Number of protein chains: 2
Amino acid sequence: MGCHDVAVSVPTSARLLALLSLLQQRREWSGPELADRLEVGPRTIRRDVDKLRGLGYPIEAAPGVAGGYRLGAGADLPPLLLDDAEAVAVAVGLRTAASGSIGGIEETSVRALAKLEQLLPDRLRRRVQALGDTTSAFQIDGPRIDADLLATLASACRDHERLRFGYGAKDGTQSSRETEPHAVVHSGWRWYLVAWDLDREDWRTFRVDRIAGRPVAGGRARAREIPGGDPAAFVQRSIRQGDEVTPVPGRIRVRARAEAVAARVPASRATVAPDGDDGDDACIVTTTGGWSRPFLVWMALLDLELEVLGPPELAAEARTIATRLGAAI
Amino acid sequence: MGCHDVAVSVPTSARLLALLSLLQQRREWSGPELADRLEVGPRTIRRDVDKLRGLGYPIEAAPGVAGGYRLGAGADLPPLLLDDAEAVAVAVGLRTAASGSIGGIEETSVRALAKLEQLLPDRLRRRVQALGDTTSAFQIDGPRIDADLLATLASACRDHERLRFGYGAKDGTQSSRETEPHAVVHSGWRWYLVAWDLDREDWRTFRVDRIAGRPVAGGRARAREIPGGDPAAFVQRSIRQGDEVTPVPGRIRVRARAEAVAARVPASRATVAPDGDDGDDACIVTTTGGWSRPFLVWMALLDLELEVLGPPELAAEARTIATRLGAAI
DNA sequence: TCGACTGCGGTCAGCTCCTGACCGCATGGG
DNA sequence: CCCATGCGGTCAGGAGCTGACCGCAGTCGA
């Protein structure tokens, strides 16, 4: 389990790390037990515990026959020592979190994922990939996105690395872009890459779902300042002024109190407001981004009386699904 | 960002940890840069890098003016040094992974979550909680489960701690159980706790979704051997012989090739097989656990011609949803 | 109540190791 | 070509670590 037994080379540092690892694996350890494991005297263990405490890790200790050491929750998170399976679980969890099934932490998840993927041994990366593949069918909403791609982009931003990738513009034309990535931004239902386009010599925002194939890294990026300083604001501006079609939100009226409905609708995807006329037992649900078929289905799952207010396409979609299900019996 | 500057107390160990942290934060660092950050001479940095290499961390270095150090992927995962936001993202990701939206790694996720939650500073735990709450509405399938509760149970198993909790049996009677938890098992769509029941003096399996309130920890558990050794097998036996109602799987016929459908249905939730009569352009999808309303909805989302084969309740459900959507227009 | 086991911390001698300083070398980019 | 970088050797002083011993104070079980 990654214990190495390198105690030969850097005795005390290696031992401190090993000690931390042991303390994370099990909650309670007695001094002699630890001394035995680490092949040092009990006195040294006591001193090591003191050192870890000095480093900020809160190690509690209890005297008595049932006593021992335990690592508690402190002011800072200690270095996490994960075994293989746990690391895979973390990576997979971050991928789903990044794909937006959570709301509010997508960008952080991508950052953490980028960090993790860089350190992940190959054998584990393959396992993550395999699990991710069987899972991708779960992507329920919004454009399908690729967590690996996001992690790659985020790494490039963090490490100031140039990227070259194929990009399909909205009119369908493919082009190859040489860029210096600066930020990955999540708009609530779409991912964007803010980068300096070396050929066009200007800032551009790229829709991540339109990037084709694997980006190729190449060379260092120069330090540049995004106009306005805030990547998110930059994306906002460029898609507002831009040629982006603003997605049409879907609106559905539900016969139930707003609070009851809000509790069952993910806040990141839709907002719930009491119906003006009949606020006590009806409310209106509006999607955050554009409407989508899955949104409709979520609403149907509520098992409450619905009324599609718009747009007409949403109503048409409702009819289609209703017909499908009706015909299935 | 958790830098501490405790370089006073345990110089080299603290510095090694800090160095590892820096190398995880950014991909590329030059020697003088690191020396400056850690307030030591460049020579010491070189030596520290060597030490880390000796500990098994693959640090690559490039000479030349564009050179520097970078931490690569090695045989083992180095201790992960996460900042606050990243730690929260990891915790949230693990919670969703544990709630079964992934398939195949639920139990590992719970283990990792237990480890993480024990180390998580309070302020971060609160943030995780908050995010988890707004998210819980997303639980789409199976009984609603509480990731916190699972983590608590997993901790107790790992640490051999007794737990007392309220339990609602299937006939509705509430009782208080004093247990020594031994394993948390995921059956594919339900969670079970395998524990020694101190009052009944025998092994029991508890359905986690029937545990009421927060379990209370109390005292050490004695080491005991689960009959048969394998907790999963034990759960299998006890729910098979047991009074558990085996859930009725749902079966739906889809007019499309099996491979095409399989790619869009999470393997952990349902199996896809070619239709005997008409294998080339029809297949039958069978749920792993019992059928559920969300399962039906997944199928409707495929936008393919469906036929509900059974059970009758599933057909009735389809009719209900179809009616709801039909009436919504 | 007692004893056994635990953790705590002080002290000491010996020895490991760590550090900063200096050196020359190899490498890669501008 | 020149520069900045990483590499590794050596040296001397000093800091740090280790194991051994001691007595103390909690806590649990008998």
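Heavy-atom basis, side chains included; hydrogens, waters and symmetry copies ignored. Just so it is clear, the model here is predicted, and its values are computed rather than measured.
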Next item on the list: Calculate the interatomic distance between B/L16 atom CG and C/dC17 atom C1'; express it in whole Å.
Entry: 13 Å

Next item on the list: Inspect the surroundings of CD in B/E225 and state if more than 12 heavy atoms from other residues, nucleotides or ligands are less than 6.0 Å away.
Entry: no

Notebook entry, point to check: For C/dC17, does either OP1 or OP2 sit under 4.0 Å from a side-chain N or O belonging to B/K51?
Noted result: no

Check: Between A/D122 and A/R125, is the closest basic N to carboxylate O distance under 4.0 Å?
Finding: yes

Checklist line | Qualifying residue, where the test is side-chain hydrogen bond (donor to acceptor under 3.5 Å, both in side chains) with A/K115 and the options are B/E86, B/Q25, B/Q24 | finding: B/E86

Item checked: Where A/I59 and A/V49 come nearest, the two heavy atoms and their spacing -> CG2-CG1, 4.0 Å

Notebook entry, point to check: To the nearest angstrom, how far is B/R15 atom CZ from C/dC17 atom P?
Noted result: 16 Å

Check: Which atom names give the shortest non-hydrogen contact between A/L124 and A/A87, and what distance separates them?
Finding: CD1-CB, 4.3 Å

Notebook entry, point to check: For A/A89, does its backbone N or O pair with a side-chain atom of B/S109 as donor and acceptor, under 3.5 Å?
Noted result: no

Check: Using 30° and 60° as the class limits, which term best fits the ring planes of A/H182 and A/H160: parallel, tilted or perpendicular?
Finding: perpendicular

Check: Is it true that a side-chain atom of A/S155 and a backbone atom of A/A151 form a donor plus acceptor pair closer than 3.5 Å?
Finding: yes

Notebook entry, point to check: How would DNA chain D look in dot-bracket form, 5' to 3', counting Watson-Crick and G-U wobble pairs with both distances under 3.5 Å and writing | for bases paired to another strand?
Noted result: ||||||||||||||||||||||||||||||

Checklist line | Gap between atoms CG and C1', on A/L34 and C/dG7 respectively (whole Å) | finding: 12 Å

Next item on the list: Would you kindly give the CG-to-C1' distance between B/L19 and C/dT19, to the nearest whole Å?
Entry: 16 Å

Checklist line | Length of the CG-C1' vector between A/D48 and C/dG7, whole Å | finding: 15 Å

Please enumerate all protein N or O atoms sitting under 3.5 Å from an N or O of nucleotides 6-14 of chain D, with distances to 0.1 Å.
from: D/dG6; atom 1: OP1; to: B/G31; atom 2: N; distance (Å): 2.5
from: D/dG6; atom 1: OP2; to: B/G31; atom 2: N; distance (Å): 3.2
from: D/dC7; atom 1: OP1; to: B/R53; atom 2: NH2; distance (Å): 3.4
from: D/dC7; atom 1: OP2; to: B/Y69; atom 2: OH; distance (Å): 2.7
from: D/dC7; atom 1: N4; to: B/R46; atom 2: NH1; distance (Å): 2.8
from: D/dG8; atom 1: N7; to: B/R46; atom 2: NH1; distance (Å): 3.0
from: D/dG8; atom 1: O6; to: B/R46; atom 2: NH1; distance (Å): 3.0
from: D/dG9; atom 1: N7; to: B/R43; atom 2: NH1; distance (Å): 3.1
from: D/dG9; atom 1: O6; to: B/R43; atom 2: NH1; distance (Å): 2.9
from: D/dT10; atom 1: O4; to: B/R43; atom 2: NH1; distance (Å): 3.4

Checklist line | B/T44 side-chain N/O to C/dG20 phosphate OP1/OP2 under 4.0 Å | finding: yes

